[in-house]
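Report on the structure given below.
Every value quoted in this text rests on a predicted model; they were computed, and no experiment measured them.
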Amino acid sequence: MKKLILLVVIVLGFAEFSLAFQNDTTKKESSTAKVWDDLAQQKVDHTYKPLTLKLSDDGTKYVRFILWHQQWLQTSNLAIDDAPLRLNTLIRRSRILAFAQISPRFLILTHFGLNNLTTGNMNALGNQGDGPQMFLHDAWTEFKVTENSDALYIGGGLHYWKGLTRLANQSTLNFMTMDNTRPFVQWHSLGITDQFARHIGFYAKGQLGKFDYRIAANNPMSPANALGAGADLINSGNGGVDSDLTYTGSIEPNADGDHVGNAVIEGYFRYNLFDTESTKLPYQVGTYMGGKKVLGIGLGFFAHPNGMYNNATDEHENVTHLAADIFYDAPVGSSGNAINAYASVINFNYGENYMSRWAGTGTNIYGQLGYYIGKAKLMPYVAFQSGSYDAYGDNLNAFDAGINYFVNGHNAKITLEYHTISNNPLEGGLDADGNPNGVQQLRLQLHIFL
């Protein structure tokens, strides 16, 4: 608490200093008032114009480019007693995405970038060791099967057409909150069976009136490259949960000596009661800030047959997750305000008493609520999640409270957030007595995408 109070005092002191400096500067610049008046008469266009290369006069053939950076400033973990207060910077995301369509029958997309570059994992020349590097996030091709409707598209490659929930398909360009909920229960397979929430495989998607769907059949990433094979990760000191299960079924042969567990199947099905949402790309919008009236109800699943391996019985077990969610984003009156609400419930089944990196066998609930104040360009919000998992006696909880300042919509925004996680040894580690430390942080994000 002392650290938090100290940080607030520093912020307030900085604000007071900035105001005094601004007043002094205003006086000094009074002699150049005429120059500034002349500049003020010039209209500056701040509207966002997509970076698009038109390949035909009517614009139906094109190449679209999207670039974005998200810069973070965050405190050290305020939940750890007697630890010094530190402010740490990182590049949360730095990405480039391009997709091209020269025919309504096919599309190609490429997306690459880096994540989580910090002073602790930088290196002298930027190409040494295992620090963050620019890597391929998405690379897929897509074909339209039903020529006169959007009922069926087929695609394949390294893709983001995911199952389970809306937030599993969340766009990182237009979060309502500062980031996807952490622990990443929505991105539950991140670094476990996929590369940064992407699998290699094939997918089908389509839209029929108010109904849309996405289904994918993929191969899992090799467990040897995963963040940790569940029980192995936890038994190494992150919780002390005992389990005979490891998420290594895809490399362990069955009793007949055959390899199994090499397929992941997932899907998400949604019905929109009001406005329909685009399914051209998989990335789901966090908030439209009153630009649409959306009420979407979804059901999803994630299945990895024979994905789990029981070291005690030398048998394979299935991994099966089911979820339901609801998303509401709509204008409020005619004032330019808007409301955003989302809720999900996920039933995870990895096997008895099993904890993976982000979730475990049991149930997780998540909810978020935000209110956009159009005239002020501000959107305060809160978010909460609670996981009730067989491996732990207490629920694993997380709470976020923050505010977005939309300088220019989602294209340029600043977000300040208070972030906390409790009872989760996988996130905050353990103290000297073997109890979870918890996580408490203040986080600031500067976000621009073009």
So, does [X] use its side chain to make a donor-acceptor pair with the main chain of [Y] at under 3.5 Å?
X	Y	value
Asn347	Leu322	no
Asn424	Ile421	no
Asn88	Leu73	no
Ser189	Ile192	no
Asn408	Ala412	no
Ser243	Tyr354	no
Asn411	Leu450	no
Ser56	Lys61	yes
Thr146	Asn148	no
His447	Leu173	yes

Is the [X]-[Y] ring centre distance short of 6.0 angstrom?
X	Y	result
Tyr203	Trp161	yes
His410	Phe406	yes
His137	Phe112	no
Phe301	His321	no
Trp187	His199	no
Phe65	Phe99	no
Tyr247	His304	yes

Original post:
Looking at Thr363, Asn353, Thr361, Asn364, which one forms a side chain to side chain donor-acceptor pair (under 3.5 Å) with Tyr389?
Top reply: Asn364

Using a 4.5 Å cut-off on heavy atoms from C-beta on, say whether the side chain of [Y] contacts that of [X].
X	Y	value
Tyr366	Tyr342	yes
Thr60	Lys54	no
Phe135	Asn115	yes
Lys413	Val407	no
Tyr268	Asp325	yes
Asn423	Tyr392	no
Tyr381	Glu417	yes
Ile346	Thr165	yes

Distance alone, cut at 3.5 Å: any donor-acceptor contact between the side chains of [X] and [Y]?
X	Y	value
Ser386	Asn395	yes
His419	Gln441	no
Asp329	Asn340	yes
Ser171	Gln284	no
Thr181	Gln385	yes
Asn349	Thr320	no

Subject >> side chain to side chain contact (heavy atoms under 4.5 Å, CB included) between Arg64 and Leu53, worked out >> reply: CA-CA 6 Å; Arg64 170 77 186 279; Leu53 175 63; over 6 Å; no

Original post:
Just how far is it from atom CG of Leu208 to atom OG1 of Thr276, taken to the nearest 0.5 Å?
Top reply: 12.0 Å

Subject >> Shortest non-hydrogen contact from Asn174 toward Val285 >> reply: OD1-CA, 3.2 Å

Original post:
Does a sphere of radius 6.0 Å around CD1 in Ile448 hold more than 12 heavy atoms from other residues, nucleotides or ligands, not counting ones at 6.0 Å or beyond?
Top reply: no

Tell me whether the NZ or CZ atom of [X] lies within the 45° cone about the ring axis of [Y] and under 6.0 Å from its centre.
X	Y	result
Lys205	Tyr153	yes
Lys293	Phe274	yes
Arg198	Tyr160	yes

Subject >> Leu90 and Asn116: CA distance, side-chain angles, deciding distance, side chain to side chain contact (heavy atoms under 4.5 Å, CB included) verdict >> reply: CA-CA 6 Å; Leu90 73 148; Asn116 302 320; 3.9 Å; yes

Subject >> Chi angles and distances behind the side chain to side chain contact (heavy atoms under 4.5 Å, CB included) call for Asp138, Tyr283 >> reply: CA-CA 12 Å; Asp138 297 297; Tyr283 316 109; 2.9 Å; yes

Subject >> Test side chain to side chain donor-acceptor pair (under 3.5 Å) applied to Gln445 - qualifying residues, sequence neighbours left out >> reply: Trp72

**OP:** May I ask you to say whether Lys49 pairs ionically with Asp45, meaning some side-chain N is under 4.0 Å from a carboxylate O?
**Re:** yes

**OP:** Only pairs at least two apart or in different chains count here, so list each salt bridge (charged side-chain N to carboxylate O under 4.0 Å, His left out) that has a residue in residues 157-180.
**Re:** Arg92-Asp179, Arg93-Asp179, Lys162-Asp194, Arg166-Glu277

